[in-house]
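Everything on this sheet refers to the single structure shown next.
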Amino acid sequence: GVAELKKLHRELAHGNELGLVVTENGSVPPEQHLFIRGNVHAKGPEVSPAFLSIVSPPEPKIGDGAGPLSTGRRTALARWIASKENPLTARVFMNRLWQHHFGRGIVRSSENFGRLGEQPTHPELLNWLAAEFMAGDWKIKRMHKLIMLSRSYQMSSAGNAAGLSKDPANELFWRFNLRRLTAEEVRDSAINLTGKLNLKIGGKYIYTDVPQEVLATASRPGAAWGQSSPDDRNRRSVYVYIKRSLHEPILKAFDMADTDGHCSVRFSSVLPTQSLTMLNSKFFNDIATDFAGRLRREAGVSVKDQVELALSLALSRQPNGKEVEEGLRFVRGIGNETDADPLQRFCLLVMNLNEYMFVD
């Protein structure tokens with residue numbers, strides 16, 4: 001009614017954000033029927049809550065979670081989902097966890113464990129991980145540690161003739177697949193090089209600095225994107241505002257998740273447009289400028305020390321003498337050929353190294 005609309009307007013005027021929610025309408029549910037061919041006016045037989053019959057589930061105990069405002073149906077479903085008697089939940093979750101660390105799941109079709117999905121390459125391993133997960137009281141951090149301390153996770157990505165001839169797709173995980181940084185990792189790692197990454201936890205979403213050329217493609221360019229302070233713009237990518245009609249250009253270039261639907265597995269492409277973005281975009285050139293400023297502050301006036309620090313920060317290891325010498329030659333050569341800041345150009349080069357962009 002009018003009174004409710006006025007109340008909503010008052011709440012919005014005070015900066016409160018509202019969200020649509022679904023609530024139950026009492027403890028006695030209405031009858032539920034199948035609808036013939038999806039027509040709400042063509043009622044079929046009455047149906048009642050039940051679990052997937054293919055996994056031989058028990059009868060749902062709905063009354064246990066009932067109350068004056070709830071039928072208890074959602075409680076019964078939640079208990080079954082997280083039950084040790086449920087053969088799916090732990091397997092699906094551990095498959096996703098394995099996919100997170102290895103790039104693909106033991107079941108490649110991580111969104112489909114049915115007959116139309118792909119078969120697990122290591123069914124015994126998946127069963128063991130699921131059993132271990134439940135035996136460990138469903139503690140996720142424990143399973144992260146278990147996987148990351150395994151020999152499989154710590155393998156080199158280097159190939160060999162025997163392995164490549166027998167299993168070129170690495171279905172059996174005989175080596176670790178080379179992994180490109182995800183979109184969020186690319187952006188966060190770049191900001192981290194400047195020493196300005198804002199690690200604040202929680203709070204409101206943030207808007208990045210989006211080029212005018214991108215904003216001009218929106219139906220309402222002036223209202224397409226918001227403004228955030230420079231400090232907030234340096235927050236981690238998990239806080240970047242998601243708008244389906246305008247994707248953040250840096251994240252989009254590096255295969256951010258599709259926001260128009262569910263995304264069980266991300267693409268991980270290697271495209272010329274990504275290299276062009278890394279070399280020519282305002283974002284990465286500004287990062288290179290700030291990175292060079294950090295090197296001058298922390299390494300002093302010695303160009304050799306600046307080059308060595310740049311490589312150690314970007315590659316997370318100490319560079320060898322040959323790498324430092326090659327960096328020095330690049331900086332000196334650029335300084336003789338252009339008016340651009342040689343150290344800034346070197347910083348841009350470092351961010352385009354394969355070792356920076358790929359996890360080996």
Side-chain angles (χ1 to χ4, degrees), residues 1-5 7-8 11-12 17-100 104-124 126-127 129-131 133-134 138 140 242-245 247 256-267:
V2 176
E4 291 179 346
L5 284 174
K7 180 183 176 183
L8 289 174
E11 291 177 349
L12 289 172
E17 294 189 28
L18 304 179
L20 295 175
V21 297
V22 177
T23 61
E24 293 190 72
N25 195 26
S27 59
V28 180
E31 292 182 356
Q32 300 291 325
H33 292 263
L34 287 175
F35 295 128
I36 308 301
R37 299 182 65 84
N39 187 341
V40 296
H41 302 293
K43 287 185 178 181
E46 184 178 352
V47 292
S48 58
F51 303 124
L52 291 172
S53 59
I54 196 171
V55 294
S56 304
E59 289 294 321
K61 298 179 181 178
I62 294 175
D64 293 352
L69 299 177
S70 174
T71 62
R73 290 178 173 182
R74 290 179 299 171
T75 302
L77 176 60
R79 285 175 176 163
W80 166 240
I81 289 174
S83 167
K84 291 185 177 181
E85 303 302 316
N86 185 337
L88 281 178
T89 302
R91 287 176 174 83
V92 169
F93 193 91
M94 291 315 302
N95 192 63
R96 292 286 182 128
L97 202 66
W98 189 272
Q99 173 183 292
H100 171 76
R104 75 158 179 89
I106 296 171
V107 178
R108 280 188 178 273
S109 56
S110 52
E111 81 289 357
N112 188 347
F113 272 51
R115 293 182 65 181
L116 298 180
E118 296 193 38
Q119 294 298 306
T121 54
H122 301 70
E124 295 87 354
L126 184 59
N127 287 343
L129 287 169
F133 182 39
M134 292 186 291
W138 304 80
I140 302 171
I242 296 296
K243 187 172 185 177
R244 287 190 297 174
S245 60
H247 292 158
M256 67 180 285
D258 178 19
T259 56
D260 285 331
H262 79 282
C263 180
S264 58
V265 182
R266 290 193 191 190
F267 291 107

Original post:
Which pairs count as side chain to side chain donor-acceptor pair (under 3.5 Å) when at least one residue sits in residues 44-53, sequence neighbours excluded?
Top reply: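 Matches after skipping sequence neighbours: none remain.
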**OP:** Enumerate the residue pairs fulfilling side chain to side chain donor-acceptor pair (under 3.5 Å) with a member in residues 84-93, sequence neighbours excluded, ordered by first and then second residue.
**Re:** Asn86-Thr89, Arg91-Asn127
Subject >> Thr121: partners by side chain to side chain donor-acceptor pair (under 3.5 Å), with sequence neighbours left out >> reply: none
Original post:
What pairs with Ser264 under side chain to side chain donor-acceptor pair (under 3.5 Å), at least two apart in sequence or on another chain?
Top reply: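 For Ser264 the side chain to side chain donor-acceptor pair (under 3.5 Å) partners, ignoring immediate neighbours, are Glu111.
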[X] [atom1] to [Y] [atom2] distance, which is reported to the nearest 0.5 Å:
X      : Y      : atom1 : atom2 : result
Ile106 : Gln119 : CD1   : CD    : 13.5 Å
Glu118 : Arg104 : CD    : CZ    : 8.5 Å
Lys43  : Gln32  : NZ    : CD    : 9.0 Å
Leu52  : Leu88  : CG    : CG    : 7.0 Å
Arg74  : Ile81  : CZ    : CD1   : 12.0 Å
Ser110 : His100 : OG    : NE2   : 13.5 Å

Original post:
When you look at Leu126 and Trp98, which way does the side chain to side chain contact (heavy atoms under 4.5 Å, CB included) test go after all the steps?
Top reply: CA-CA 9 Å; Leu126 184 59; Trp98 189 272; over 6 Å; no
Subject >> Heavy-atom closest contact (Pro60 atom, Pro49 atom, distance) >> reply: CG-O, 3.6 Å
Subject >> For Thr71 against Ser27, the heavy-atom pair lying closest together >> reply: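 Closest pair (atom of Thr71, atom of Ser27, distance): CG2-O, 3.6 Å.
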State which residues pass side-chain contact (heavy atoms from CB on, under 4.5 Å) with [X]; sequence neighbours excluded, sorted by chain then number.
X      : result
Ala131 : none
Asn112 : Ser109, Leu116
Ser245 : Lys243
Arg115 : none

Original post:
Got a sec, which pairs hit ring pair (Phe, Tyr, Trp, His ring centres under 6.0 Å) with one end in residues 22-54, sequence neighbours left out?
Top reply: Phe51-Trp80
**OP:** Check the angle between the aromatic planes of Phe133 and Trp138 and answer parallel, tilted or perpendicular using the 30° and 60° thresholds.
**Re:**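 Taking Trp138 first and then Phe133, their aromatic rings stand perpendicular (interplane angle over 60°).
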Original post:
Arg108: what forms a salt bridge (charged side-chain N to carboxylate O under 4.0 Å, His left out) with it, not counting sequence neighbours?
Top reply: Glu171
Original post:
What residues, two or more places apart in sequence or in another chain, satisfy ring pair (Phe, Tyr, Trp, His ring centres under 6.0 Å) together with His122?
Top reply: Phe173
